[in-house]
Every structure is written in C-alpha cells, then in structure tokens.
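One structure is given here, and the rest of the page talks about it.
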Amino acid sequence: YEKISHSVDENANLFDKSINQKFNIATSNDNNELTTNLFSEIDNFIIELSKEIGYNDSDDIKTKCLKIQDTVAMLEKFMNKPQFIMNYYMNLSKRLLSGKTNCFVEKNVLRFVSYKIDPELYQKMRFQINDIIDSNRIEKMAKQVIIKDTGKYDLTTFKKDNCTFKVIREYAWNITNNEDYKPSVELIP
C-alpha cells in the first residue's frame, strides 16, 4: 500500500497519505491501547475457556487454544520482544494467582510464546504454572485429611475451606513481601 501510494502521485484522490501514518504502529499513540486490548483479549479467552472446561486437563484444550495463537503472534511481532514477554509474564502471574484459570490452558497458550526471546523468563513462567498445579493438588489433599478428635480443640469450628495453599518458588514469582512469616509451633511441621 505504501509503495503504491507514493508512486502514484497523480491519483491522490485514491490514496489518502495520512493513512500511511496509521500503519506505523511503533510511533502511533494507539500502540499502548492496542497492546492493552490484545493482552485483555488473551486474558478473557483463557478465563472463558477455563470456565468452560473446568480445572481438568481436557483432550480438546490444544485445538481450542489455537484460536488465540494469532493474537499472541501479533503481539510478539509488533511489540518490543523483551517488553512483550515481560507483559505476558505479569499477566500470567495475575491470572494464576486469581484462581480463575486452568493451568493446562495456560500451558498450551504458553506454547505460542517463543522461549528464545528470554529463556530464563520463559522458564519462570513454566515454573509458575507448575507451582499452581502443585498448589491445587496439595490443597485438594489437605481438604481430604481426617482430623482425629483428641478433645483438645473444638472440631466443629474447624473449617478446611477457609484455608487455601499457594506453594510458590520465590525464584519464579515476582512477589515482594517484606514481612517475615513465623508460623506457630503447631503449624511448623
């Protein structure tokens, strides 16, 4: 389009030269809004697909995830690559910690992100997904624990659903917590 519009000056009525500026995404003010909308589209797709299939590993996840592949590829192509993978990392962290996403969907969508951009950050994202898978497994096991009544505590006030477990590696997550948590003697084991 640009080559034709510059070479055909006599047909100025056919080519609006101001449109050429719209194609330059890098200098466009709409770039930030466009990336925000595309990342939002990825978030919404993953959350909606997670609602649809639940928290299981379904066989058709791979085929359903192909619908978002073009959006991920588009973001990766026109954004600064390190900035793209950092934004993807931060959005992934938010989705995983919110509990609204299926880790197997996340794993399949992550396949569309090139690990060559930043192998270390890519590995952190894989660790994050695996941490949440392990956390969900541990939480499920904790809810199945049978508590022996020793008479020391009132078990009617004990509610297993009030506790959730997020076992995460400090290396993989960008969570800063300045508080040192010291569990009680009963919880340490």
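- No side-chain donor-acceptor contact under 3.5 Å links Lys64 to the backbone of Leu49.
- Annotation for Glu170: atom CD does not count as buried by contact number, only 12 or fewer foreign heavy atoms lying within 6.0 Å.
- Between Asp60 and Thr63, the closest heavy-atom pair is O-OG1, 2.9 Å.
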In residues 38-46, what donor-acceptor pairs under 3.5 Å come from side-chain atoms, sequence neighbours left out?
| from | atom 1 | to | atom 2 | distance (Å) |
| --- | --- | --- | --- | --- |
| Glu41 | OE2 | Thr71 | OG1 | 3.3 |
| Asp43 | OD1 | Arg95 | NH1 | 2.3 |
| Asn44 | ND2 | Ser40 | O | 3.2 |

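- Counting heavy atoms from C-beta on, the side chains of Val72 and Gln69 never come closer than 4.5 Å.
- Considering only residues two or more places apart in sequence or on other chains, Tyr153 meets the side-chain contact (heavy atoms from CB on, under 4.5 Å) condition with Glu186.
- In this structure Arg126 satisfies the salt bridge (charged side-chain N to carboxylate O under 4.0 Å, His left out) test with no other residue, sequence neighbours excluded.
- Proximity of a side-chain donor or acceptor of Asn102 to a complementary backbone N or O of Val105 within less than 3.5 Å is detected.
- Each of Met79, Met125, Glu76, Met90 was compared with Ile85 under the side chain to side chain contact (heavy atoms under 4.5 Å, CB included) criterion, and only Met125 meets it.
- Contact check for Tyr122 versus Leu110: side-chain heavy atoms found under the 4.5 Å cut-off.
- Partners of Lys140 by side chain to side chain donor-acceptor pair (under 3.5 Å), not counting sequence neighbours: none found.
- Between the side chain of Asp131 and the backbone N or O of Arg169, at least one donor-acceptor pair lies under 3.5 Å.
- Enclosure of atom NZ in Lys94 is not indicated, since only 12 or fewer non-hydrogen atoms of other residues, nucleotides or ligands lie within 6.0 angstrom.
- Residues passing the side-chain contact (heavy atoms from CB on, under 4.5 Å) test with Ile47, sequence neighbours excluded: Lys51, Lys100.
- A distance-only check finds a donor-acceptor pair linking the side chain of Gln128 to the backbone of Ala172 [under 3.5 Å].
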Worksheet item: Given the rule in the side-chain contact (heavy atoms from CB on, under 4.5 Å) test, do Phe112 and Asp70 qualify, once you have shown the distances and angles that lead to the verdict?
Response: CA-CA 9 Å; Phe112 307 135; Asp70 290 339; over 6 Å; no
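- Between the side chain of Tyr89 and the main chain of Asn174, a donor-acceptor pair closer than 3.5 Å is present.
- Using a 4.5 Å heavy-atom cutoff, the side chains of Ile53 and Ile61 are in contact.
- Partners of Asn80 under the side-chain contact (heavy atoms from CB on, under 4.5 Å) rule, at least two apart in sequence or in another chain, are Pro82, Gln83.
- Note: the hydrophobic cluster containing Met86 also contains Ile117 (ILVMFWY, side chain heavy atoms under 4.5 Å, direct or indirect links).
- Two residues are said to be in side-chain contact when any heavy atoms from C-beta on lie closer than 4.5 Å; Glu120 and Lys124 meet this criterion.
- Of the candidates Arg137, Lys166, Glu106, Ile132 forms a side chain to side chain contact (heavy atoms under 4.5 Å, CB included) with just one, namely Lys166.
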